[in-house]
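Here is the structure we will look at.
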Amino acid sequence: MLAYILRRLWLGLVTVVAISIVSFVIIQLPPGDFVDAYISNLSASGSMVSQQEAQSLRQQYGLDRPVWVQYGKWMTKVIQGDFGMSMEWGRPVTEVIGDRLWLTIVVSIAAIILTWGIALPIGIFSAVRQYSIPDYAFTFVGFAGLAVPNFLLALIIMYFGFTLFDLKIGGLFSAEYQLAPWSYGKVGDLIAHLPLPALVLSLAGTAQLIRIMRANLLDELRRPYVTTARARGLAEWRVVLKYPVRAALNPFASTIGYLLPFVVSGSIVVSLVLSLPTVGPLLLRALIAQDMFLAGTIVLLLGVLTVIGTFLSDLILMWIDPRIRAGMHE
Amino acid sequence: MSDLVLEVRDLRTRFQLQGRGVEVVRGVDLSVAPAEVLGLIGESGSGKTVTGLSILRLLPGNAEVSSAVMRFKGRELQDLDEDAFQPLRGLSLAMIFQNPVGAFNPAKRVAWHLREIARRRHGSEQGWQAGARDALSAVGIPHPERVLRLYPHQLSGGMAQRILIAMVLALEPDLVIADEPTTNLDNIVERQIVALFRRLRDRLNAAFIFITHDMQIAAALCDRIAVMYAGQIVEVGPTRAVFDAPRHPYTQGLTATSLALKQRVKRLTEIPGELPSLMSPPPGCPFAPRCAKVMARCREEAPPMFGTAPHLARCFLAEPA
């Protein structure tokens, strides 16, 4: 068991290194570098940058060195906890990202909880009452949820949330807390703002998970152990909840790892619409400006979080399914 | 006749498949007395399992079950709704299935299953360990404590089937329907399980319906035999009589085949052809297309049961002259 966990951790570390290389290469791929983007930005507003100035800027950021040297220098610093300077913002990357990373995680977790909270009971209901009218209704709503673009849903929900329920819409904080240091009031404000983005972000995933849960449970309900449990005279709800639901839970656990990058990258537009201070919009801006240390750091952090998330899913899977635990010994 | 454990008359089970009704069990009569073992034999697809599942009402929603009589210990079960019927399952009417390993909840240890049995039997888990140990010892499991800690996938087929039998018997049912409980087991284990059933039969007062396609097992275990073909019982009688003097050509074919297997004959006399499609059952006797002794009459008229109790056969050849 312990050996397995250690092995998984080691593999995770290897994956993280691979991610760092790939993310660095990808950021280098587009033609030009930050200085080019900076110059074209400046010339658009009328000022000129001389060849010499550009050269000294490149030297300052080390952009004239070979790629692998740049990567090596970056990684040495990263290991020491220094993610470099954001070229665009002129401030350390850690400072620019700041709370955004934690807020992203908070929003993601809220979305996961909401996804499960909605998908689990509906999925069970749809499987147990297959082809009933509510099952068809949920199927319809589910597919609609998958098909409607999230940002459109965000706009609609914002409108109704504001007009009908007087919800706090837009952003994660009220104006008075925006720049205030952390306090209980700010946390409370965050919680009050959370339902709406969590709902919007969870809907597509919810629709998907309802389908998965329904299909899995239908499979499990046909298994011999279900009939055996019925033949023992157990109550129907007990038969369903204690046996097949448990087995159908695996896909829920295994989605944890993928949800975080999904919330970050799949929801940039939603984050812009809802003006959420998450890393999604920041990453988009950094990529446009070719702000390589900022973009690289964000991609790296997301990679690390995904690896951690996958590791957590594996642990949870091990916990809910003894067959996985047994497989490790072989 | 009121001392019978189960009496079934004219049991019919239809499935709705793609808008069409298919009758899979077509008028089955069965009865079992306390401590009696009734063998229900026949080839795959003859409706043996569906008969068992129909009695316990374990069929999916697209099945319709009807019967003229479904009397359990003198009590008519047909009028009971699901809420009233459910408590009878396990405690009064029980079933043992094929695929023993798959009959366990894959995520839970053996102990969890036995705790559930204790709760079902006594309404609480208190003192379940003692009951579990006794139940497992009774079916010949050497180290109950160790076995309780295992997960289902760590059990061998024979071990799993023993535990399932132990769990069924711990509920002390009056009728146990065992549906090919040895089918997926290897030969040696199969014999052990059959031996276990023999011991249990002699010790318990429960009635057994033992579903199998294996004539030798049926001969070794059962007091009476009912031979099923295409959803009907074609011959029923005491085991000796059915095996020594089979009256229905189908039974004759079955016994000849198993005898040939036992004597290691080079060429097997098989029954030619296959089961008729129940989507459109042929008129007359369903066995007529495969029967070596078929008469013109058999193709037009379905034979009723002939003979004198306890040995009956659904064949014109058994008709008293």
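Every chain is numbered from 1, with letters handed out A, B, ... down the list of sequences.
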Please report the interatomic distance [atom1]([X]) to [atom2]([Y]), rounded to the nearest 0.5 Å.
| X | Y | atom1 | atom2 | result |
| --- | --- | --- | --- | --- |
| Asn99(B) | Arg223(A) | CG | CZ | 10.0 Å |
| Thr227(A) | Leu59(B) | OG1 | CG | 9.5 Å |
| Glu116(B) | Arg238(A) | CD | CZ | 5.0 Å |
| Tyr225(A) | Lys108(B) | OH | NZ | 11.5 Å |

Taking CD1 in Ile133(A) as the centre, count heavy atoms belonging to other residues, nucleotides or ligands within less than 6.0 Å. Is the count above 12?
no
More than 12 heavy atoms of other groups within 6.0 Å of Glu236(A) CD:
yes
Part of [X] within contact of chain A (heavy atom distance under 4.5 Å):
| X | value |
| --- | --- |
| Arg57(B) | neither |
| Leu93(B) | backbone |
| Phe97(B) | side chain |
| Ile177(B) | neither |
| Pro87(B) | neither |

What residue, out of His113(B), Gln86(B), Met95(B), Arg119(B), has the most heavy-atom pairs lying under 4.5 Å from chain A?
Gln86(B)
Donor-acceptor under 3.5 Å (Arg232(A) side chain, Arg120(B) main chain)
no
What's the shortest heavy-atom distance between Pro224(A) and Gly102(B), and which atoms?
CG-O, 3.6 Å
Can you tell which part of Ala229(A) gets under 4.5 Å to a heavy atom of chain B, answering side chain, backbone, both or neither?
neither
Any side-chain heavy atom of Lys242(A) sitting closer than 4.5 Å to one from Trp112(B)?
yes
